[in-house]
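Note that this is a predicted model, so its numbers are computed, not measured. Throughout, a chain's letter reflects where its sequence line sits, starting with A, and its residues are numbered from 1.
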There are 2 protein chains.
Amino acid sequence: MSRPTIKTVAAEAGVSTATVSYVLAGRTRSNGSGISPSTAERVQAAAQKVGYRPNQAARTIRTGKSNLMMLSLTMLSDPWSLSVSKAVGAAVASAGITPMILADTDWRTAIKRQSADVIFIDAAAQVGDAELLAELARTSRLVVFSETLEPNGFDVIRSVAGGSMDAAMDHLTAQHTKVACLTSRGSLQVPTPKRYGAYLAGLRRAGISFREDYVAPFEGDEFGAYEAAVALLSQPDPPTAIFATSDFVAMAAINAAQRLKLSVPGDVAVVGVGNTLQGEAMEPSLSSVGPVDFFNRLAQFLVERATDGSAPHQVLEFPWQLFVRDSAPRTPIPIDH
Amino acid sequence: MSRPTIKTVAAEAGVSTATVSYVLAGRTRSNGSGISPSTAERVQAAAQKVGYRPNQAARTIRTGKSNLMMLSLTMLSDPWSLSVSKAVGAAVASAGITPMILADTDWRTAIKRQSADVIFIDAAAQVGDAELLAELARTSRLVVFSETLEPNGFDVIRSVAGGSMDAAMDHLTAQHTKVACLTSRGSLQVPTPKRYGAYLAGLRRAGISFREDYVAPFEGDEFGAYEAAVALLSQPDPPTAIFATSDFVAMAAINAAQRLKLSVPGDVAVVGVGNTLQGEAMEPSLSSVGPVDFFNRLAQFLVERATDGSAPHQVLEFPWQLFVRDSAPRTPIPIDH
DNA sequence: ATGAAAGCGCTAACAC
DNA sequence: GTGTTAGCGCTTTCAT
């Protein structure tokens, strides 16, 4: 037994497919004065009876609207991603939009399989992405989070780190000389690794010489970061401060420290990047650089873009600042005992 | 300028739409001996030139296949959900399927907006879900995680907790008399709260009398759990052991304890439910009850269901056991100092 | 080796 | 007030 269509419903109710379509759209007909209540009722009953559910693909092909928002999140376990998802979930509630997450996938290939009214891409760092995105933007509305890309048929969300990462490094070097950097191996390979660059610059400003063994690149996700942090902190002359290039990386570092019975921030201070809720809520609360009220504003923007007909492609900037919390406090604290 | 279609490509290449379709499908034609290499090349070039990208909705309406797998995950920040996502991501890689996550949404409404070849639903506890699911199963392949539902046109994944939760409680009551339960308020309201039930039964077996103030129901997500745990542990006569009804709840409890400068397991022992990777990797590693190798087997099953033509609706059972780790070890350990 | 054409389920002009 | 009908972009059978 195959799936019922409007045809099935129409036959059951003894009306045309057009009538069914109108009734089910809950819309009063554009010209004329509409469907008679009795007909409407009959159609509803018929739909109910045959168990009709609209075919989204057909509706999409006809209207060009899918009512879908796609969120491409490259590291779902990153609290940053979870914060995006949560904020979007709250924001779409009343807009009739369904948010779907494309997780840990290469959006470049996956996006061809599924379109949406608005697509958010959380990281587009590869060379050549610019053209692909411009291309994609012709068919879907695109919102890209990127520090380097310029809007080109799509919108760009941008962090304006400004001096905040320098402030974070200065904050660490004020009290420490053994400052390490924990970062994903991939991020070291992009042309201008901004966060890693800030680390190097911070050392230079403080007159601290670079140590190869204080750079800990990790592979993959939080597990990889955790392993790398354990290795970093287990070496003979471990660092007393860690600049982690993301909040989830920082959280992994703190977990690693605690595993090694090291006190945070007593034995090792940690600063992250992202200023996520999860970082703020953890114990010790995470010092981090990041934007204020980022997630809600992003979600709001995405909903507008999904709804809006207009498409003024713009740059939305979020200035960053350093949030000093317990994992790397203003003044040194004595080691717990 | 509107999006190019096969028509555009056909015109550009000077062939028919049928030829374009065949070339782009990379398929040799069923009857006859196929497309000539020169034509194929011309079509490819034309497609490239006009920037053609197939319209998935149109393809889906025609073929009935979307190559989409939908994962409805009610609490995305739960490591359980992340583990599902990760395992699925690895499993679909070669199958040409795109997994999309429906996060923290009510699948009952959202599912009507988007169909998929296979839909996984991680929790269907409401009364009346059975009919809705049976109904949905007529159009999409459905896989439901449920302890109570019986397969009815859809597959059921089931945890067989067996005596494992009793074992967990006995494990706690062997060393503790002040055993609390941290659980979501919602789960207390279902007819038979299995995990909470195991808590109560465990107390009874150990001859420990029930204390109202040792039941800490929380609202929402890990933040709610964290707050509830702080309150639970801050009271005048705090518990020395916590039975948390999910791994993420247990992790929140451990964070709360650490915030309050309590040692885990020295001051308070914690057991979770789910046996997630994240729980295993945290510090202290989380004692938990759950299945073995659950996530990979689930992912494998989902891929099979997305690919398979056959639809033998079955129950897949995962026996649980207690995994004793550091957060509630076999033998008591002295408090750190 | 290639093209013509039907039709998937749905919506929206337009006709009655 | 309701029905007819033309497609949306694509795949696939059947002719040529």
Please work out if B:Thr39 contacts a base, only the sugar-phosphate, or nothing of the nucleic acid, heavy-atom cut-off 4.0 Å.
-> sugar-phosphate
Please step through side chain to side chain contact (heavy atoms under 4.5 Å, CB included) for the pair A:Phe120 and A:Leu73, ending with a clear verdict.
-> CA-CA 8 Å; A:Phe120 172 70; A:Leu73 302 174; 4.2 Å; yes
So, B:Arg108 and B:Asp129, do they make that salt bridge, N to O below 4.0 Å?
->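 The answer is yes: the pair qualifies as a salt bridge.
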[X] has an atom [atom1]; how far is it from atom [atom2] of [N], in whole Å?
X       : N      : atom1 : atom2 : value
A:Asn55 : C:dG7  : CG    : P     : 18 Å
B:Leu24 : D:dG9  : CG    : C1'   : 13 Å
A:Arg53 : C:dC10 : CZ    : P     : 11 Å
A:Arg59 : C:dC8  : CZ    : P     : 18 Å
B:Ile61 : D:dC8  : CD1   : P     : 13 Å
A:Arg3  : C:dG9  : CZ    : P     : 9 Å
A:Tyr22 : C:dG9  : OH    : P     : 20 Å

Ignoring hydrogens and angles, tell me if any N or O in the side chain of A:Asp117 forms a donor-acceptor pair with the backbone of A:Ser66 under 3.5 Å.
->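 Yes: the side chain of A:Asp117 pairs with the backbone of A:Ser66.
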Of B:Ser36 and B:Thr63, whose closest DNA chain C nucleotide lies nearer the 5' terminus?
->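 Here B:Ser36 is the residue nearer the 5' end.
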Sorted by position of nearest nucleotide on DNA chain C, 5' first, the leading residue of A:Tyr52 and B:Arg42 is B:Arg42
Partner residues of B:Lys49 under the side chain to side chain donor-acceptor pair (under 3.5 Å) criterion, sequence neighbours left out = B:Glu12
Under a 4.5 Å cut-off applied to non-hydrogen side-chain atoms, are B:Val43 and B:Tyr52 in contact?
-> no
Side chain proximity check, A:Met69 to A:Arg305, heavy atoms < 4.5 angstrom =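 They are not in side-chain contact.
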Examine D:dT4: is either OP1 or OP2 under 4.0 Å from a nitrogen or oxygen in the side chain of A:Thr17? Give yes or no.
-> no
Do any of residues 5-15 of chain A sit with a heavy atom less than 4.0 Å from DNA chain D, and if so which?
-> A:Gly14, A:Val15
Give the minimum heavy-atom separation between A:Leu76 and A:Asp104, together with the two atoms involved.
->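 It is N-OD1, 3.0 Å.
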